[in-house]
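Below is one structure, written out as structure tokens, with a few remarks after it.
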Amino acid sequence: MTPAQPPSIDSGQTESPSAATPASANPATYAPAPAAPQTSRRSFLKAGGMLSLSSLMGTAALMTQSDDAHAAAEWAEHFQKNYRLMTDQEKLEARVRLERRYSAEYGKPVSVDITGPQPGVLMGYALNIRKCIGCRRCVHACVAENNQSRGTRPGEKIEWIQVLRMERGKFEAEKMDHGYPEGLGIQVGGNAYTPAGQVLEGQFHYNPEAVPEKDATYMPIACMQCEKPPCVKVCPVRTTYREGDGPVVIDYNWCIGCRMCMGACPYWARRINVTTPVLPKAEMNPVTHYLGNRPRMRGVVEKCHWCLQRTRHGRYPACVEVCPVGARKFGNLLDPESEVSKVLERKNVFRLKADLNTFPKFFYFYD
Amino acid sequence: MKKIAIFTVALALCGGALYTAFALEKAQEETALAQAAQEAKEPQVCFESRKGSSEVTQREIQPGLPNVKCSPTTGAALWYGDPFDGTVPMGKMPGLEQLPEGHAVVRPRSEKLAILPMCGTACHNGVGPTANPPNLPKDKRPTAIPVMESLVPDVKDLQHGRGRIWCLDCHHTTKRDKLVDHFGDPISFDQPQLLCGKCHGDKLRDWRDGIHGKRIGEFASDGKKRWFTCTECHNPHNVQDGERNRGFIQLQPEPPPQLPNGMKDARHELVHPVAH
């Protein structure tokens, strides 16, 4: 670092030393510009012409290859189609554009994958609800993998997996009034005036010294990747859809942030970026997928997509790899030898809220 | 007029000198900060499934891409960039013959158990201190030996088998760096499933089929996977149900999610109950 030049001696000899420094440097010494001279019609038209000429030139500069990767991407994104309607060539262009933009933004080589569904693969997930100890490592592995916003202010911290803590016990007559919260009884929430099965904050903000607690069972929930997803039914711009190999994905560029899907999802799986996402450069995961974990913008909805950037290349999702008790299983439902097929064949399996006919591909099991 | 000019010149010179001094100080601070950052960057080690079993050392496999990310709260491994870091082929495992060669790998525990070969030569060599032929205990009731208890604290309170098994049901009598099977043949510490499966056959079957235990790597049924063996998740000296009501030791959870805007703590609903 070179020290800046000391103030020039010449400035001391002028009548007012502050005039030598730029006006923007010190607002206290800012002198208003002299009153504008009377504008004639000629000069007004001339100025207008210059203005439109310069804006046209700016447009031209943006349309051609600009050095500013961010500006070029913004411009091209306005003319981009829905991802499902894009040709392979257009997808490739979008990929190159985004790779340039993210690499410039995060200061490291970022790849944006556009690999489509692989033939013969239908992804499925199984979770052993007896094994889960509620340590929340899956929640934070998901954040490390999927580039969620991780700020501290309200709405800046986004996590896709929620781990619910449920009290163990039996439905006994004398325990009917002792549930959580106290007074509501053990069957929380279910009557004509409050929605059945509601989840209260205390059930997933547990923070004991050590888990598992003796009297608790833990139940992680995230997107269930339904075969008949209610979120897809309600999306007014059809930006969320079911991919050929199972996962329900979102084209973030077409999302208008109306949150219809968040209201429709019976599993509380969707999150919205109400603020500009906070994603430090050092923590950003540079291996991304277009429909998966590429950095999102403000005002779009996001959710679990079973780590498309990994699973499209045969790798386990991040939450499966990090579970310390091996409660999470992932595999190909079309392969009878896969882990999930074996679970379905041999274990007691249920789907969450099966009565809603959403047909999740996420199965809970116990042994 | 001249006076003012002189004063201004003096002031400007002083300002310049001060500025350079500040700039120097700032530069020194920056270098100090950079040094601190470098010191903090010394390899971070995080534990994998349970504390005390296996650890990974953080390093960069690509610019900006680490092999593992560790939790700042608990020190647990949170994310794998390279699932096959430091692994070796698992070896023969009955029932997994159909897997392609080298597609089942494990992480060897030899580093953690480097002391074990010494045990076999120093004390447990089958030769008693006074007598030859071997002066092995006549009955299988463990006796407290202070050296042993200080080396392996778990032996003071063995929580496995509910009092029906003891050390030499699993550990080899003389080869202390090996486990033992029903025929007295040694089993490697990297393949404890061959030993555990002696009693827990149902769990071994589920583990072999991939529905018990943990694997990382490729999800295809014939893909390359790193298999976590029994002792990487369970402490064999302490598996009985205790306070925790599970087969795992208790561990510190990761921090809870953000509370909804305006909510002070998670006890909100206890203080303001929902009308029923």
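What you see is a predicted model; the values in this text were computed from it and never measured. A note on names: the letters A, B, ... follow the listed sequences, proteins ahead of strands, and every chain is numbered from 1.
Only the side chain of B/L65 comes within contact range of chain A, with at least one heavy atom under 4.5 Å from a heavy atom of that chain. When heavy atoms are compared at a cutoff of 4.5 Å, A/R328 does not approach chain B at all. Only the backbone of B/E48 comes within contact range of chain A, judged by heavy atoms closer than 4.5 Å. For a residue to count as touching a neighbouring chain, one of its non-hydrogen atoms must lie under 4.5 Å from one of that chain's; by this rule B/P66 does not touch chain A. Neither the backbone nor the side chain of B/K224 comes within less than 4.5 Å of any heavy atom in chain A. Of the atoms belonging to A/K157, heavy atoms from both backbone and side chain fall under 4.5 Å from chain B.
Across all non-hydrogen atoms, the minimal contact from B/C233 to A/P324 is SG-O, 3.7 Å. Between A/Y316 and B/E218, the shortest heavy-atom distance links the atoms CE1-O, 3.7 Å. The nearest pair of heavy atoms linking A/K347 to B/D206 is NZ-OD2, 2.6 Å. B/L78 approaches A/V322 most closely through the heavy-atom pair O-CG2, 3.1 Å. When all heavy atoms of A/E159 and B/P257 are compared, the pair lying nearest together is OE1-CB, 3.2 Å.
For B/E60, the CD atom sits in a packed shell: over 12 heavy atoms of surrounding residues, nucleotides or ligands are nearer than 6.0 Å.
Of the listed residues (A/E145, A/Q162, A/K108), the greatest number of heavy-atom pairs within a distance under 4.5 Å of chain B belongs to A/E145. For the options B/D202, B/N261, B/T74, heavy-atom pairs under 4.5 Å to chain A are most numerous at B/N261. Contact count versus chain B (heavy atoms, under 4.5 Å) is highest, among A/N207, A/V121, A/V139, for A/N207. Heavy-atom pairs under 4.5 Å with chain B were tallied for A/D335, A/N332, A/V325; the largest tally goes to A/V325. Ranked by non-hydrogen atom pairs under 4.5 Å with chain B, the options A/I158, A/V211, A/N285 are led by A/V211. When the candidates B/G81, B/P255, B/S71 are compared by the number of heavy-atom contacts under 4.5 Å with chain A, B/P255 comes out ahead. The residue among B/S221, B/G217, B/G213 with the most heavy atom pairs within less than 4.5 Å of chain A is B/G217. Interface summary for chain B: among A/A318, A/G331, A/C323, the most heavy-atom pairs under 4.5 angstrom belong to A/C323. Across A/V143, A/T152, A/T311, A/D367, the residue that shares the most heavy-atom pairs under 4.5 angstrom with chain B is A/T311.
Considering only heavy atoms from C-beta on, A/R137 comes within 4.5 Å of B/L251 through its side chain. With contacts defined as side-chain heavy-atom distances shorter than 4.5 Å, the pair A/N128/B/H212 does not qualify. Proximity of B/P253 to A/P208: side-chain heavy atoms (C-beta onward) are separated by under 4.5 Å at one or more points. In this structure the side chain of B/Q250 reaches within 4.5 angstrom of the side chain of A/P212, judged on heavy atoms. Taking 4.5 Å as the limit, some side-chain heavy atom of A/R315 sits within range of a side-chain heavy atom of B/Y80.
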Pair B/R215-A/E321, salt bridge (charged side-chain N to carboxylate O under 4.0 Å, His left out): steps then yes or no | CA-CA 7 Å; B/R215 272 145 297 272; A/E321 289 202 339; over 6 Å; no
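With hydrogens and angles ignored, the 3.5 Å screen pairs a side-chain donor or acceptor of A/H205 with a backbone N or O of B/Q258.
Between atom CD1 of residue B/I211 and atom OG of residue A/S338 there is a gap of 10.5 Å, rounded to the nearest 0.5 Å. Taking CH2 of B/W79 as the reference point, atom SG of A/C142 lies at 13.0 Å (rounded to 0.5 Å).
Just one residue in the list A/W306, A/Y125, A/F330 forms a ring pair (Phe, Tyr, Trp, His ring centres under 6.0 Å) with B/F219, and that residue is A/F330.
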